[in-house]
S.K.: 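Dropping a structure here in structure tokens format, bear with me for questions.
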Amino acid sequence: MFRKPQLGWFVGGALFAFCCIAYSTPANKAGMDRYYDKFLSADMNRCTTCHLPSANKSPESLDEFPHNPFGDRLRALGKELSRTGKGKDIASRLALVAKEDSDGDGVPNETELLLGHNPGDPKDAPTKKELSALKQKQQDFGQYLASYRWKPLERV
């Protein structure tokens, strides 16, 4: 039998858990957000960073929500890493494709992401002015990646 204070905590915890589930995001989108943190612009924290826009509002598989060149590269790399038994988490894949140019616009994937441009859209490339501010962003992002980030659910 619950006493009133215990019941309140139980109900509050249940409501909190429900809210977290209701507002959860797909794993790769959330992983990308965690990897880039404050360096990922709001424009890049969306499904179309890796997928093509789709009129299908309720896809039942990823085949119905196709990837753009950047997303396709991440997907293929995930399959390749799975076959070799290596970690295929989104952070590992993002690090591996950072220097590549998935969309063929002449700008590396990570550069485009740090400057708020889509690495899967060849028409969305940074300007020369934006590229001039890149060095400082890259240094700040490098320091962030080297810093300790608590990951409570990973093995030590």
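What you are looking at is a predicted structure, and each value in this text was computed from that prediction instead of being measured.
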S.K.: Could you tell me if the side chain of Met44 sits less than 4.5 Å from the side chain of Asn118, heavy atoms only?
M.R.: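 Answer yes - side chains close enough.
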
S.K.: Grouping I, L, V, M, F, W and Y whenever their side-chain heavy atoms are under 4.5 Å apart, do Leu40 and Val97 come out in a common cluster?
M.R.: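 Per the 4.5 Å side-chain linkage, Leu40 and Val97 are co-clustered.
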
S.K.: Tell me, do Thr111 and Lys137 make a side-chain contact under 4.5 Å, heavy atoms counted?
M.R.: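 A side-chain contact is absent here, since even the closest heavy-atom pair is not under 4.5 Å.
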
S.K.: With a 6.0 Å cut-off on the ring centroids, do Tyr144 and Tyr36 count as close?
M.R.: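 No: the rings miss the under 6.0 Å criterion.
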
S.K.: So, does Glu130 use its side chain to make a donor-acceptor pair with the main chain of Thr127 at under 3.5 Å?
M.R.: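 Indeed, once roles are kept as given, a pair shorter than 3.5 Å links the two residues.
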
S.K.: Give, for atom NE2 of His51 and atom CZ of Arg75, the distance between the pair rounded to the nearest 0.5 Å.
M.R.: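 Atom-to-atom, His51:NE2 and Arg75:CZ are 10.0 Å apart.
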
S.K.: How long is the gap from CD on Glu100 to CZ on Arg73, to the nearest 0.5 Å?
M.R.: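 Glu100 atom CD to Arg73 atom CZ measures 4.0 Å (nearest 0.5 Å).
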
S.K.: Rounded to the nearest 0.5 Å, how far apart are NZ of Lys86 and CG of Leu77?
M.R.: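 Lys86 atom NZ to Leu77 atom CG measures 10.0 Å (nearest 0.5 Å).
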
S.K.: I need the Gln138 CD to Leu115 CG distance, nearest 0.5 Å.
M.R.: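 It is 8.0 Å, given to the nearest 0.5 Å.
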
S.K.: How close do Phe70 and Met32 get, counting heavy atoms only, and between which atoms?
M.R.: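 Shortest heavy-atom separation between Phe70 and Met32 comes out as CE2-CE, 4.3 Å.
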
S.K.: Closest approach of Gly87 and Ser92, non-hydrogen atoms and distance?
M.R.: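 Of all heavy-atom pairs spanning Gly87 and Ser92, the closest is O-CB, 4.0 Å.
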
S.K.: For the atom pair CG (Leu113) and CG (Leu94), what is the distance rounded to the nearest 0.5 Å?
M.R.: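 Answer rounded to 0.5 Å: 7.5 Å.
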
S.K.: Within the distance-only criterion (no hydrogens, no angle test), does the side chain of Arg93 pair as donor or acceptor with the backbone N or O of Leu74 below 3.5 angstrom?
M.R.: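 Yes, Arg93 side chain to Leu74 backbone: donor-acceptor pair under 3.5 Å.
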
S.K.: Pick from Thr49, Asp103, Leu52, Thr48: which one makes a side-chain contact (heavy atoms from CB on, under 4.5 Å) with Asn68?
M.R.: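 Exactly one candidate clears the test, Leu52.
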
S.K.: Between the side chain of Asp101 and the main-chain N/O of Pro108, is any donor-acceptor distance below 3.5 Å?
M.R.: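 Pair absent, no side-chain N/O of Asp101 close to backbone of Pro108.
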
S.K.: Looking at Asp124 and His117, would you say the former's side chain and the latter's main chain have a donor-acceptor pair under 3.5 Å?
M.R.: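 Not at all, since once roles are kept as given, no pair shorter than 3.5 Å links the two residues.
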
S.K.: Which pair of heavy atoms, one from Asn109 and one from Pro119, lies closest together, and at what distance?
M.R.: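 Reported closest heavy-atom pair: OD1-CB, 3.6 Å.
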
S.K.: NZ/Lys88 to CG/Leu81 distance, rounded to the nearest 0.5 angstrom?
M.R.: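 Interatomic distance, Lys88 NZ to Leu81 CG, rounded to 0.5 Å: 9.0 Å.
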
S.K.: Taking all non-hydrogen atoms of both residues into account, name the closest pair between Gly116 and Ser41 and its distance.
M.R.: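 Gly116 and Ser41 have their closest heavy atoms at CA-OG, 3.6 Å.
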
S.K.: What about Val107 and Leu134, same hydrophobic cluster or not, with Ile/Leu/Val/Met/Phe/Trp/Tyr joined at side-chain heavy-atom distances under 4.5 Å?
M.R.: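 No, Val107 does not connect to Leu134 through the hydrophobic network.
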
S.K.: Considering all heavy atoms of both residues, which atom of Pro122 and which atom of Asp105 are nearest to each other, and what is their separation?
M.R.: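 The answer is O-CB, 3.7 Å.
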
